[in-house]
Amino acid sequence: MEKDDSFILEIVDENEKASKPAGFNLDQTLEEVDQFIQKLVPGENKFVKCIDPLQELVDSRIALYEQKEPAAKFGLNIDEDNSFFEAVRRLSLIVNNLDEFPSDLAAISCLNRASSAHFRAMLLFECELRALLDNPKRTGDPNFDPKSPNTDGSQGSSKSEDEFPYFSSQSIHVMNQISTAMILAGYEAECCTVYGGLRLKALDVEFSKQCYENINVEDIQKMSWESLEGEINNWIHIMKFCTTNLFPAERNLCDSVFSDNRLTAQRLFCDLATSLSIRLLNFPNALVWPRRYSTEKLFKFLDIYEMLQDLANLNIGNDSSAEEFMSETSMAQRRIGGAVMSIFSQIESSIKNDNAGRTPVAGGAVHPLTRYTMNYLKYACEYKDTLEQVFQNQEKVQGSPRQKVVEQESKDVIEDDDRCPPLSPFALKLMMVIDLLDANIEMKSKLYRNPALRLVFLMNNGRYILQKIKESAEIYEMMGPYWSRKRTSELRRYHKTYQRETWSNVLQCISHEGVQVNGKVSKPILKERFKNFNSIFDEILKTQSSWIVSDGKLRSELRVSISSVVIPAYRSFLGRFKSYLDNNKQAGKYIKYQPEDIEELIEQLFEGNTASMAPRR
């Protein structure tokens, strides 16, 4: 018989020639084996005739492969490797169906030899798979083409050898051939044990490169926040590396090596991802143990929650193999979510308990509590989607006693607006916090003895709250336009009440009514009116120039509204009655201001002192 050239090494030494069975034709032998396996006719003499050459071929090839270096046994001659794997595949079909074959002595002897060769082939595959996994940067055949017709093409998407997981296309192709052969032969457990163990070891090495350390509850309890914040940042960095690089690359490797066994690939990757994830989850799980975190720590916990969500979003499958991964990830996320809610709720406590002293803020300025709360909420709402998810997962909107309280407290905001959509748990919480802040500011306003200053304080704080909400698209969306219109109307009411409280007495002084007695202008009354106007206006100017309205638009609105009623009234009064004063000297004594002076002085109101007017957020 002629020798099949596709099965001969390009460089054949004397040992290789001696190891090939005499008169052997690979294609013919494989065809005969296939025909025999299809028929499986008991007692047929053809059995020994077709099995023996196949067994001898496998034994001879194993002997040659065993002489080569580990991790370099396959890949030098792709055609010969493919032929060997085909021969082993036929041998696996025979060995896995022993009960169907003849039971005479000759057949049993032949089957024993075949089983022995088959077992040696599996040992060879297992050792080579181990060697390949242990040597990812092994240099392969420079002419190897994973897209050639002689390969399965499953490595076309693999990364460069300089990137994780560092395997060449040739190495991945050989591992794919080995895994396919071992699983077909019934050695899936052995294959997966080798692969899973060594890949976990490789992933541990990558973890070490990222300076990952296991930190337990005792370590966290002893750490200062500065140190703990550094550990959180490092954990987030490692999580990003895992979710964007390590896990996707490992998934691609599993899919490539086990391209013919997708369920096995999924299970292996899931086991690896679960093992690593449990180590990663130890840190956030330890964070939530008894340690109280102040409100400023909220944002780091939100960062952690978002990273856990990225981990949960990894597509690792939806069968039973993914249950542990999803369970552990969800549990850690619920714990961090609970911590987020606990920390966020502290803003309520800080508002309720803010009763520092009985001294009001100088000049009716924006209270520090208002600034802190609104800036905190504005920053927090940059995480709006995450907070919505946290509150949605942690609280049941329907049937919760706490929820009913929140809804009742916020009912006045939305009860008249049919267009207002249903509020989410987080939106209700946000509204509740702002309602608490309003109540606290209202209480603090009562510390001012001057009713006008009390109104300025309410305007300052109300405008600050409204502006912060308008500046944040996220808060404005949750609060809704109806709330903003209601708040604007409230501020207008404060404005009108302030104007009445402060300037009604001024306007009475320059009213035309009551100046005439028996149809004639009374000079004493007129002099008293000018005198009273000067006194009241001076007092207002002295007092309210030290008051603070830090919002430029509100300050301008107040000044314009004052000028619009005072200056026309004063100009009219002055023009109507100035001539009734006896002479210029007498007029100068009672007419202290011209209308232009009044307008200029009104522009000095609400400036405060220089220190108080420093720019604020």
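Side-chain N or O atoms of Ser556 include none that pairs as donor or acceptor with a backbone N or O of Gly552 at under 3.5 Å. With hydrogens and angles ignored, the 3.5 Å screen pairs no side-chain donor or acceptor of Asn233 with any backbone N or O of Gly230.
Checked for salt-bridge contact, Asp438 and Arg487 meet the test: a charged N lies under 4.0 Å from a carboxylate O. Under the 4.0 Å criterion applied to side-chain N and carboxylate O atoms, Asp204 and Arg279 are assigned as salt-bridge partners. A salt bridge between Lys429 and Glu348 is present, with a side-chain N of the basic residue lying under 4.0 Å from a carboxylate O of the acidic one. Taking a cutoff of 4.0 Å between a charged side-chain nitrogen and a carboxylate oxygen, Glu599 and Arg571 do not qualify as a salt bridge. Residues Lys444 and Asp354 are paired through a salt bridge, judged by an N-O separation under 4.0 Å between the basic side chain and the carboxylate.
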In residues 449-460, what donor-acceptor pairs under 3.5 Å come from side-chain atoms, sequence neighbours left out?
from: Asn450; atom 1: OD1; to: Ala452; atom 2: N; distance (Å): 2.8
from: Asn450; atom 1: OD1; to: Leu453; atom 2: N; distance (Å): 3.4
from: Arg454; atom 1: NE; to: Ser445; atom 2: OG; distance (Å): 3.2
from: Arg454; atom 1: NH2; to: Glu442; atom 2: OE2; distance (Å): 2.7
from: Asn460; atom 1: ND2; to: Gly364; atom 2: O; distance (Å): 2.6
from: Asn460; atom 1: ND2; to: Val456; atom 2: O; distance (Å): 3.4
from: Asn460; atom 1: ND2; to: Ile548; atom 2: O; distance (Å): 2.6

Atom pairs and distances, side-chain donor-acceptor, residues 500-510, under 3.5 Å, sequence neighbours left out:
from: Thr502; atom 1: OG1; to: Tyr498; atom 2: O; distance (Å): 3.2
from: Thr502; atom 1: OG1; to: Gln544; atom 2: NE2; distance (Å): 3.4
from: Trp503; atom 1: NE1; to: Tyr498; atom 2: OH; distance (Å): 3.4
from: Ser504; atom 1: OG; to: Arg500; atom 2: O; distance (Å): 2.6

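Aromatic ring centroids of Phe391 and Phe426 lie under 6.0 Å apart. For Phe537 and Tyr570, the ring centers sit 6.0 Å or farther from each other.
Side-chain N/O atoms of Tyr372 and Ser350 include no donor and acceptor closer than 3.5 Å. Side chains of Gln389 and Asp385: a donor-acceptor N/O pair is absent below 3.5 angstrom, by distance only. A donor atom on one side chain and an acceptor atom on the other are not found under 3.5 Å apart for Ser349 and Lys352.
Each salt bridge (charged side-chain N to carboxylate O under 4.0 Å, His left out) pair with one or both residues in residues 304-314, not counting sequence neighbours, would appear here, but there are none. Residue pairs meeting the salt bridge (charged side-chain N to carboxylate O under 4.0 Å, His left out) criterion with at least one member in residues 539-552, sequence neighbours excluded, are Arg463-Asp551.
Legend: residues meeting side chain to side chain contact (heavy atoms under 4.5 Å, CB included) with Ser522, ordered by chain and number and at least two apart, are Val517, Pro524, Ile525. With sequence neighbours excluded, the residues forming a side chain to side chain contact (heavy atoms under 4.5 Å, CB included) with Ser330 are Arg334, listed by chain and number.
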